[in-house]
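Accompanying notes for the structure given below.
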Amino acid sequence: MPLSVSGGSIANGYLAAQWSKLQFNGTVTVNLKDQFTVPLIAFCSKSIDVPSVLTGFINPFKHVSDELVGALQEHLFGEKTLQDLPDSKPGSVPRFVFNATSMQSDVRFWFSKEDAGDYRIGITKSPQISLASAVAASSAFPPFFAPLAIDLRGMQFDSAKDQSGVKDISDLLGDADFHTTALLADGGTYDNMALEAVRNNYDAVWASDAGSSFEPSVDVARDWIREMMRIIDLMMRADESERRRVLIDKFQAVKNGIDVGVTGAYWGPLTQDMTDQRRSAEQLLWVS
């Protein structure tokens, strides 16, 4: 099950949109380059963020995030909705999930063909939401692109369940105001490696961390805007480090024969050993 946040959701969304065009020889795709890699690289050569911000500022009738949705529709997804994604089939067709952050309920808000919502406001089945909107919400980096508004009117919400699948846990399900418009930000704001949804639910996890490493600096900006951005960065990285540490601890426990829990791999710009000391640039991959 590919779960993504931020820029990773653009790649995840395009893979989902192109899945029906992929040809397989056993479990290996034979036309991935032509149908996915080359077009995605061509898209990444374009600049859609700056034009979206500038156009959004100039146009008083559209938010910057609306321009982002429009750009994704124009260049990648067209009019596809979540319901145009392939039906998931265990062992052959994955369930594609795009994670955003709810600025209203302060938790993960997800999109998939099967359902959308968050555990506090509840879950709606088979959401009629455009793929471009879901991907844009997952990658709506603040402050310019957030909040991205998703229209929820007319959708029926049911309570999310606890891990036992028995107890209702959606404490905001009864508040109709939360089922009108979802105001969302980049999924990385809440969980930058999309690990919460897979914690304790899967035996194998592959985590791709595309975040940049934090650059130490003696000189720290004193103006309010850059100071605020650095503080936000520090806050996000603290949560990110904890989630990464927990995952690598689980990998290590399996590797050392202590536990039979999670196996898989983590790769990214930075790893830490069990004593929290920085590792060399060559040691970027943990595998168990």
Side-chain angles (χ1 to χ4, degrees), residues 3-18 39-40 42-85 96-113 115-118 121 124 126-155 157 176-192 194 225 228-229 232 236:
L3 296 101
S4 57
V5 300
S6 200
S9 286
I10 297 176
N12 192 24
Y14 191 58
L15 180 62
Q18 297 294 93
L40 186 62
F43 167 76
C44 291
S45 69
K46 305 177 187 296
S47 176
I48 67 169
D49 51 355
V50 174
S52 295
V53 170
L54 294 178
T55 307
F57 281 160
I58 294 171
N59 189 343
F61 302 104
K62 277 190 174 182
H63 189 270
V64 172
S65 59
D66 297 326
E67 297 293 338
L68 176 61
V69 173
L72 290 174
Q73 286 179 324
E74 177 184 353
H75 296 292
L76 284 183
F77 304 124
E79 298 301 318
K80 287 183 181 292
T81 73
L82 291 172
Q83 298 313 303
D84 292 315
L85 300 185
F96 295 93
V97 181
F98 313 97
N99 289 343
T101 300
S102 173
M103 297 181 69
Q104 297 156 306
S105 58
D106 187 34
V107 295
R108 178 179 76 100
F109 190 108
W110 73 87
F111 300 90
S112 70
K113 179 173 184 175
D115 52 35
D118 72 50
I121 72 168
T124 182
S126 303
Q128 295 292 335
I129 296 171
S130 75
L131 179 56
S133 294
V135 170
S138 183
S139 55
F141 194 79
F144 296 116
F145 295 108
L148 188 146
I150 299 292
D151 188 358
L152 303 178
R153 291 172 296 180
M155 299 183 188
F157 281 79
D177 290 340
F178 285 97
H179 304 118
T180 301
T181 303
L183 298 177
L184 307 175
D186 189 313
T189 308
Y190 180 72
D191 179 5
N192 201 38
I225 294 178
M228 177 188 69
M229 295 302 294
I232 291 173
M236 289 179 62

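By convention here, the first residue in the shown sequence is residue 1.
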Of the non-hydrogen atoms in Gly188 and Val5, which two are nearest, and what is the gap between them?
N-CB, 3.7 Å
Taking the side chain as C-beta and beyond, is there a heavy-atom pair between Val69 and Phe77 under 4.5 Å?
no
For Leu85 versus Ala16, what's the shortest heavy-atom pair and its separation?
CD2-CB, 3.7 Å
Can Thr124 and Leu152 be said to form a side-chain contact (heavy atoms from CB on, under 4.5 Å), step by step?
CA-CA 9 Å; Thr124 182; Leu152 303 178; 5.8 Å; no
Taking Ser102 for the side chain and Ser105 for the main chain, is one N or O donor matched with an acceptor at less than 3.5 Å?
yes
From Ser6 atom OG to Asn192 atom CG, the distance as rounded to the nearest 0.5 Å:
6.5 Å
Give a yes or no on whether the backbone of Ile121 and the side-chain of His179 come within a donor-acceptor separation of less than 3.5 Å.
yes
Could you walk me through whether Ser112 and Asp115 pass the side-chain hydrogen bond (donor to acceptor under 3.5 Å, both in side chains) test, one step at a time?
CA-CA 5 Å; Ser112 70; Asp115 52 35; 3.2 Å; yes
Mind listing the closest non-hydrogen atom pair of Pro39 and Tyr14 along with its distance?
CB-OH, 3.1 Å
Starting from the C-alpha separation in whole Å, work towards a yes-or-no answer on side-chain contact (heavy atoms from CB on, under 4.5 Å) for Ile150 and Phe111.
CA-CA 11 Å; Ile150 299 292; Phe111 300 90; 4.0 Å; yes
Would a distance-only check, ignoring hydrogens and angles, find a side-chain to backbone donor-acceptor pair under 3.5 Å from Gln104 to Leu183?
yes
With a 3.5 Å distance limit and no angle check, can you tell me whether Ser138 reaches the backbone of Asn99 through a side-chain donor-acceptor pair?
yes
Among residues at least two apart in sequence or on other chains, which ones pass salt bridge (charged side-chain N to carboxylate O under 4.0 Å, His left out) with Asp151?
Arg153
Please report the interatomic distance CG(Asp118) to CZ(Phe178), rounded to the nearest 0.5 Å.
9.0 Å
Enter the distance from Lys113:NZ to Asp84:CG here, rounded to the nearest 0.5 Å.
7.5 Å
Search all heavy atoms of Leu148 against all heavy atoms of Ala140 and return the closest pair with its distance.
CB-CB, 4.2 Å
Which heavy atom in Tyr190 sits nearest to a heavy atom in Asp106, and how many Å separate them?
CE1-O, 3.6 Å
Give, for atom OG of Ser139 and atom CG of Leu184, the distance between the pair rounded to the nearest 0.5 Å.
11.0 Å
Mind checking what makes side chain to side chain donor-acceptor pair (under 3.5 Å) contact with Asn12, not counting sequence neighbours?
Ser4
Enter the distance from Glu79:CD to Leu131:CG here, rounded to the nearest 0.5 Å.
11.0 Å
Nearest non-hydrogen partners of Gln83 and Pro127, listed with the distance:
NE2-O, 3.0 Å
Supply the atom-to-atom distance Asp191 CG to Leu3 CG, rounded to the nearest 0.5 angstrom.
9.5 Å
